[in-house]
Asker: 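Attaching a single structure in structure tokens format; questions to follow.
Here is the naming used below: chain letters follow the sequence lines, and residue numbers restart at 1 for every chain. Values reported hereafter were calculated over all heavy atoms of this structure, with side chains retained and with hydrogens, waters and symmetry mates removed.
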2 protein chains.
Amino acid sequence: MRIHGTDVGQRSETVRRANLSAIVRGLHEHGPMSRSELVAATGLTRSAIRGLVGELAGAGLVTEAPAVRLGTPGRPSPMVRLNPHGATVLAIEILVDSIAAAIVGLGGETLAEIRVDRPRGHLSVDSVVADLAGLTRELQASVHDPLIGIGVAVAGVVRRSDGLVSMAPNLGWVDVPLGAHLARALGTTIPIAVANDADLGVLAEHRRGAAVGVDDVLYVSGEVGVGGGAITGGVPLTGVAGYGGEIGHMPANPDGVACRCGSTGCWETEVGEGALLTLAGLPSDAGRDGVEAVLRDAEAGSPAAVAALHHVGRWLGIGLAGLVNLLNPRLVVLGAMHGRIYPFVRATIEAEIATRALPAPRAIVRIVPASLGADAPLLGAAELAFEPLLADPASRVGARDGAIHLATA
Amino acid sequence: MRIHGTDVGQRSETVRRANLSAIVRGLHEHGPMSRSELVAATGLTRSAIRGLVGELAGAGLVTEAPAVRLGTPGRPSPMVRLNPHGATVLAIEILVDSIAAAIVGLGGETLAEIRVDRPRGHLSVDSVVADLAGLTRELQASVHDPLIGIGVAVAGVVRRSDGLVSMAPNLGWVDVPLGAHLARALGTTIPIAVANDADLGVLAEHRRGAAVGVDDVLYVSGEVGVGGGAITGGVPLTGVAGYGGEIGHMPANPDGVACRCGSTGCWETEVGEGALLTLAGLPSDAGRDGVEAVLRDAEAGSPAAVAALHHVGRWLGIGLAGLVNLLNPRLVVLGAMHGRIYPFVRATIEAEIATRALPAPRAIVRIVPASLGADAPLLGAAELAFEPLLADPASRVGARDGAIHLATA
DNA sequence: AAGGTTTGTGATCCTTTCGCCTAAATCTGT
DNA sequence: ACAGATTTAGGCGAAAGGATCACAAACCTT
């Protein structure tokens, strides 16, 4: 029998691990801090902080700037900052119309990034993986820091344990073992974590964007499909296998149209890009430019464009009302297309929520557009890849100079 | 600046706290264990377990039975069990047609319980609170163990921080400070935690019922209204204020009928008790007896009853499909009326889920009826009240003989 | 230049668990 | 029945880690 919980069998070593984690995570999320600020933030003593920071510095994960005079009395405290070159991750994003790769340093600094637009349509897994391997080689030519993990954002339903893409309707993928494919193409044994793009988008907005400091966040991102991610109590809502957050395929309109997923009346069919474009009289694959056209037409007074926006806004409000009732978030972040159209549909959304959400959660929630733009899933992928290090920096401490590189083959 | 996380500023004392918590929580959730089993379960050494268990025994929280011979070689290990009289909680349940109170001992044993049926209808807060105080006095006459907390389950939307019942449509309550009312009526300063009945139902099913060992559970409980609760990653989904889990008021049918909450087409209006009864041709307030009548009629072949069940089953399936896509649970537990009708609507539910849920999460999820019956929220209220002790037994250790009693006034 | 304030440094102490040894209790095989 | 194997309890010293405390250093204010 195994007792089940977060803190089973703690020992003194665990304490050090946890304290190192608190320091590294604090610096990663809040940026550089002085040693005395670390003392205040963690509640540890100066002696303890000194020892822990010293250990991290010895491992190359942090650097200490000599001092900084800031006009207050007392001896100035040296600034501690994470060393972006002490540990890096490779972040990869696979969207319907573009792929991207970046190398991100500890602390969140992007050291190198490449994005390549691709034509929409069903893309073979092999060609995408090959292209990503090419991008990665380019990035690796300019950055030579130790790589500790790889994070992948993909617009599909992903099993976290092994990176199986169960379904990515907009890519035409079914049961693709993406994690294994990438490992082979990159010739590496570095851990690869694959996740849904919206799940990573909310992670990025939570760490670096519009939801910093907010522990209960719902993120809705309308691309070709409609993705969603949630953070509840500060913890990403993944579900048992990582499939969680698929709000685009919640039944919304029983009389609705067929969805790519095989069901009918999914929320995505009412609030997705295709719905907006079709209702506005444009081809459903007009893409981002089409959306911009709809917005211009609406400003110019086009009835079809206004009606299309109203339709999407109304269904957005209906769906959000239910999600607000279910998840009781502090903040709803609208990403991608939904962030773009938000100024145009704000009143419609709010009217529906005022009607359909319960008074109590409704009074708490705020709706804001995303602040990170198209890079959110990419940054989230980096955060995902950093997570093991943040949770246990001790695993790297002592493993000094463990510069791992991808095979150049 | 305060670093934000679960494990900030750990020290040796924290380790002891965590280890005591692991032991008490393990015994509370899994029942009595021998000392050697505790060693295996926690990964701690015998020496450590001896010291920790000894401390708990000294505080009266656990008892050690001399030994137990179990047919295996080796020196037998004494059984460690929680002492139900070492710490107790008062659990209270406020449903639409009944109120109940119980005193539950550490480990989960119910030491005393009273349930009183009440006529349905709008109930004054004062009368309910007065009746509960009476029940509590009765219970306290027979049990005199130290009381460490009070948990309250109420069929409404509850703010966790202070026990404000924002809305309980089926009780006719709006913005009732129930926690404060109860504290006054019981004349106590013991912490009172109030929560939604379905949120506590899933907690109980997770600890003692159909969802033991399952960390991603969705619970749907159809009473007069439709309540819901979820556990994700082992953690109850409360949302930022505790309002989370209100699945009964997710918009389901935009063309639907008016709901008690003020919206229209809420899921509750399609799958609640009222919907089933009305469709079957019975008065909507026929209650549990009415539901039984519908089931009897359906077995006898009544077309109206069969159609009513089919309708509820179909909408149950539609809603569950969306929730499965969103939350990716391992298990869906159907409580109260939904558990009762499950055998009759199982095929209908499964057909809708097969159509509307995404293949990946659908392949994982199982649907089962609840196993605790009507007492689930009451047991959950007890679990809620025990939570502080389970999280930090050290706070009681040393506070020996801190038998706190309610004022008898 | 003197005093106050804050922080770094280092030695020592306290807490908690681990490791090891011996004793005890039980089962198994002869 | 008795010896050996197995498993666990009990107790003592070791190890690890942070807390405490005293002192020195660096800065600001007057």
Side-chain angles (χ1 to χ4, degrees), chain A residues 1 3 7-23 32-58 62-80 392-394 397-398, chain B residues 1 3 7-23 32-58 62-80 392-394 397-398:
Chain A
M1 168 142 335
I3 290 182
D7 39 20
V8 173
Q10 300 244 338
R11 56 187 74 182
S12 14
E13 193 189 325
T14 322
V15 173
R16 193 168 191 79
R17 229 188 281 277
N19 286 338
L20 287 171
S21 172
I23 291 174
M33 303 170 80
S34 72
R35 258 155 81 162
S36 68
E37 284 175 316
L38 283 173
V39 167
T42 59
L44 297 172
T45 60
R46 292 200 297 270
S47 312
I49 290 293
R50 178 169 67 107
L52 295 166
V53 168
E55 189 166 355
L56 291 172
V62 308
T63 57
E64 288 192 275
V68 94
R69 57 179 60 176
L70 28 75
T72 59
R75 178 173 174 169
S77 194
M79 278 306 262
V80 182
D392 185 13
V397 171
Chain B
M1 168 132 351
I3 291 181
D7 41 19
V8 174
Q10 301 243 337
R11 57 185 77 181
S12 355
E13 192 188 327
T14 322
V15 173
R16 192 173 191 76
R17 229 188 281 277
N19 286 340
L20 285 171
S21 172
I23 291 174
M33 303 170 80
S34 72
R35 259 155 79 164
S36 67
E37 283 175 316
L38 283 173
V39 167
T42 59
L44 297 172
T45 60
R46 288 197 292 274
S47 310
I49 290 293
R50 178 172 68 104
L52 296 167
V53 168
E55 188 166 354
L56 292 171
V62 308
T63 57
E64 287 192 275
V68 93
R69 57 181 61 180
L70 28 77
T72 58
R75 178 172 173 170
S77 193
M79 278 307 264
V80 182
D392 185 13
V397 169

Asker: If I take atom CE from residue M33(A) and atom CG from residue L38(A), how far apart are they, to the nearest 0.5 angstrom?
Answerer: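 If I round to the nearest 0.5 Å, the distance is 5.0 Å.
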Asker: Is R35(B) touching bases, backbone alone, or none of the nucleic acid, heavy atoms closer than 4.0 Å?
Answerer: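 It contacts sugar-phosphate atoms only.
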Asker: Take atom CE of M79(B) and atom P of dA9(D), then tell me their distance rounded to the nearest Å.
Answerer: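 My rounded result for the distance is 12 Å.
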Asker: Specify the closest pair of heavy atoms between M79(B) and S34(B), including all atoms of both residues, with the distance to one decimal.
Answerer: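 Shortest heavy-atom separation between M79(B) and S34(B) comes out as SD-N, 3.4 Å.
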Asker: At their closest point, which heavy atom of P78(A) faces which heavy atom of E64(A), and how far apart are they?
Answerer: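 Where P78(A) meets E64(A) most closely, the heavy atoms are CG-OE2, 4.0 Å.
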Asker: Could you tell me the separation between the CG atom of L52(B) and the C1' atom of dA9(D), rounded to a whole number of Å?
Answerer: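 Rounded to the whole Å, the gap is 15 Å.
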Asker: Rounded to the nearest 0.5 Å, what separates atom CG in L56(B) from atom CD1 in I23(B)?
Answerer: 6.0 Å
Asker: Side-chain N or O of N19(B) less than 4.0 angstrom from OP1 or OP2 on dT16(C)?
Answerer: no
Asker: Could you state the atom-to-atom distance from CG of L38(B) to C1' of dT8(D) in whole Å?
Answerer: 13 Å
Asker: What is the distance, to the nearest angstrom, from the CD atom on E37(A) to the P atom on dG8(C)?
Answerer: 11 Å
Asker: Say you draw a straight line from CG of L52(A) to CG of L44(A); how long is it, rounded to the nearest 0.5 Å?
Answerer: 6.5 Å
Asker: Tell me the interatomic distance from R16(B), atom CZ, to dC14(C), atom P, rounded to whole angstroms.
Answerer: 16 Å
Asker: With side chains defined as the heavy atoms from C-beta onward, is the minimum distance between T42(B) and N19(B) less than 4.5 Å?
Answerer: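 No, every pair of side-chain atoms sits at 4.5 Å or beyond.
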Asker: Is there a donor N/O on one and an acceptor N/O on the other, under 3.5 Å, for the side chain of R50(A) and the base of dG18(D)?
Answerer: no
Asker: Tabulate atom names and distances for all N/O pairs under 3.5 angstrom spanning the protein and nucleotides 4-7 of chain D.
Answerer:
residue : atom : partner : partner atom : Å
dT6(D)  : O2   : G74(B)  : N            : 3.1
dT7(D)  : O2   : R75(B)  : N            : 2.6

Asker: Just the table, please: protein N/O against nucleotides 19-22 of chain D N/O, every pair under 3.5 Å.
Answerer:
residue : atom : partner : partner atom : Å
dA19(D) : OP2  : T45(A)  : N            : 3.2
dA19(D) : OP2  : T45(A)  : OG1          : 2.9
dT20(D) : O4   : S47(A)  : OG           : 2.9

Asker: For the side chain of P78(B), starting at C-beta, report the closest nucleotide among dT7(C), dT16(C), dA9(D).
Answerer: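 Of dT7(C), dT16(C), dA9(D), dA9(D) is nearest to the side chain of P78(B).
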Asker: Side-chain contact, heavy-atom cut-off 4.5 Å: R46(A) with R35(A)?
Answerer: no
Asker: Report yes if a side-chain nitrogen or oxygen of S77(A) is closer than 4.0 Å to either non-bridging phosphate oxygen (OP1 or OP2) of dT6(C); otherwise report no.
Answerer: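 No, outside the criterion.
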Asker: Before giving the answer on side chain to side chain contact (heavy atoms under 4.5 Å, CB included), spell out for T14(A) and V15(B) the whole-Å C-alpha distance, their side-chain angles and the decisive distance to 0.1 Å.
Answerer: CA-CA 8 Å; T14(A) 322; V15(B) 173; 5.6 Å; no
Asker: Between I49(A) (CD1) and dT9(C) (C1'), how many Å, whole number?
Answerer: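 Checked: the CD1 to C1' distance equals 15 Å.
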Asker: Test your reading of the model: is there a side-chain donor-acceptor pair from S36(B) to the backbone of S77(B), 3.5 Å cut-off?
Answerer: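 Absent.
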Asker: When the distance from CD of E55(B) to C1' of dT15(C) is rounded to whole Å, what number comes out?
Answerer: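 It is 12 Å, rounded to the nearest whole Å.
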Asker: Distance check needed: dG19(C) P versus E13(A) CD, whole Å only.
Answerer: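 Atom-to-atom, E13(A) to dG19(C), this comes out as 10 Å.
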